[in-house]
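Reviewing the structure listed below.
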Amino acid sequence: MADLQQSPEKREFIAKSKAFWNPGKTQAWQDMGVDLVIDRREGYLLWDMDGRRLIDLHLNGGTYNIGHRHPELIEVLNRGMQRFDMGNHHFPNMGRTALAERLARICGGDMHYTMYASGGAEAIDIALKTARHATQRRKIVSIVNAYHGHTGLAVAAGADRFKKIFLSEQPDDFVHVPFNDLNAMEDALKGKDVACLIMETIPATYGFPMPVDGYLTGVKKLCEKYDALYIADEVQTGMMRTGAMWGYQRYGIEPDLMVTGKGISGGMYPIACVVATERAAVWLKQDGFAHMSTMGGAELGCLVALKTLEILQRPQTLPIVNYISETMRSGLTEIMKLYSDFFVGIRQCGVVMGLEFDYPEGAKPVMKHLYEHGVWAIFSTLDPRVLQFKPGVLMPAALCEELLERVERAIGLAREECMGSKSRRRRVAE
């Protein structure tokens with residue numbers, strides 16, 4: 001653990017967080033050498049309450065995809081508050097309708113209707129309920145070590161770690177298959193009793209394993225063959241992060257439902273969306289009151305989401321994403337050559353990146369040393385050998401260069417720490 005040099009004010013604040021907020025999570029970060037309490041933030045930078053500056057590579061799962069407190073979003077919110085508030089979810093509204101129309105155009109295929117939520121996990125629940133209604137089947141297939149959020153249906157579709165603690169195992173209804181295994185997928189679907197498959201295009205919390213060639217298109221064909229709906233969870237892989245607006249577009253897929261959250265909020269106002277085909281969303285015509293969300297599709301959130309999508313669709317955005325992607329790949333490859341016995345792999349699609357380390361939970365010491373060197377990036381919860389490395393889609397060139405310099409130093413120090421402990425264990429064993 002790092003020697004945390006905390007101010008008295010920070011020590012007091014952390015103690016209160018243990019007393020009144022979340023004792024387990026607060027202490028876990030202290031044990032991992034991360035005493036971060038975020039204060040000011042701007043663009044892709046954070047400042048700790050003690051004044052330490054950090055480059056934000058976590059982005060809270062892509063929430064700050066276009067940066068913290070983007071000035072155009074601040075302007076939209078300020079203008080919007082002169083006339084709007086959250087609104088009333090029961091009635092037609094200009095913002096909700098305009099955003100739904102924009103999403104129908106952007107999503108392509110037969111994607112047509114938008115259903116709103118206040119966060120990604122709620123949106124996943126809506127998508128799963130929608131698929132069950134459309135197919136009149138209960139069973140849901142997802143990936144081993146999937147992550148789709150923490151509400152009732154969403155957590156049941158995810159990894160054991162998050163569902164067992166809340167007694168959410170539902171083995172009869174939720175089937176989990178290995179990623180990149182088409183045979184296992186067909187075995188799960190061939191009984192023709194599955195409502196839907198739900199999958200992150202690139203599983204984020206599992207460390208961004210990349211789909212092998214033909215896997216996602218093969219999964220979609222199997223869904224069509226056995227009449228199961230395909231739900232693309234784009235909460236972390238959408239919003240231009242793969243070099244396309246949605247990750248499924250990068251892989252040539254047309255899902256039946258798509259879920260977006262986090263980044264569509266611009267980090268400024270909570271909103272998440274489910275976009276669905278006519279067939280999938282049939283309940284909207286049968287009983288439009290069947291699902292309600294008081295804060296889902298809040299009018300101010302819709303205004304922010306519209307501006308966020310407009311920024312991402314500008315002609316200059318894709319070249320910036322490609323520049324960042326190529327710069328990071330080139331720089332990280334050189335760093336990997338320096339520490340090839342420790343830093344062993346780069347998983348990448350656009351600025352969706354996972355760095356692999358050949359050491360048990362090797363991403364944790366890397367995270368700690370990055371933090372000490374002014375970079376905040378987080379390990380993959382379900383595969384802590386992998387560091388989630390998530391540059392923002394508009395990161396300036398100078399910040400990219402500074403970031404790579406800091407990453408090189410931090411990985412070198414993490415390697416020394418891990419290799420040293422490995423040598424000590426070997427001597428003890430002898």
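Heavy atoms only: backbone and side chains are in, while hydrogens, waters and symmetry mates are out.
If you take CD on Q30 and CD1 on I14, they are separated by 4.0 Å, rounding to the nearest 0.5 Å. A distance of 11.0 Å separates CG in L413 from SG in C418, rounded to the nearest 0.5 Å. Within the model, atoms CZ of R415 and OH of Y339 stand 8.0 Å from one another, a figure rounded to the nearest 0.5 Å.
Of the possible polar contacts, one joining the D48 side chain to the V37 backbone as a donor-acceptor pair under 3.5 Å is found. In terms of modelled atom types and a separation under 3.5 Å, the side chain of S330 and the main chain of T327 share no donor-acceptor contact. A donor-acceptor pair is defined here as one N or O able to donate and one able to accept, closer than 3.5 Å; no such pair exists between the side chain of Y230 and the backbone of C223. Using a distance-only test at 3.5 Å, with no hydrogens or angles considered, no donor-acceptor pair links the side chain of E234 to the main chain of M258. Listed for the R385 side chain is no donor-acceptor partner under 3.5 Å among the backbone atoms of G362. Checked by atom type and distance alone, the side chain of N180 pairs as donor or acceptor with a backbone atom of M210 at under 3.5 Å. Side-chain N or O atoms of S380 include one that pairs as donor or acceptor with a backbone N or O of V386 at under 3.5 Å.
R314 has a carboxylate O that lies under 4.0 Å from a charged side-chain N of E72, or vice versa, which qualifies the two as a salt bridge. A salt bridge does not link E75 with K307: every distance from a Lys NZ or Arg NE/NH1/NH2 to an Asp or Glu carboxylate oxygen is 4.0 Å or more. For K10 and D35, the salt-bridge test passes: some basic side-chain N is under 4.0 Å from an acidic carboxylate O. E254 and K220 are not joined by a salt bridge, as no carboxylate oxygen comes within less than 4.0 angstrom of a charged side-chain nitrogen.
Classification of the F179-Y215 ring pair by plane angle, with boundaries at 30° and 60°, yields perpendicular.
Taking every heavy atom of both residues into account, M328 and P391 meet most closely at CG-CG, 4.0 Å.
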Using the side chain to side chain donor-acceptor pair (under 3.5 Å) rule, take N322 and E326 through it: C-alpha gap first, then chi angles, then the decisive distance, then the call. CA-CA 6 Å; N322 289 338; E326 292 162 9; 5.5 Å; no
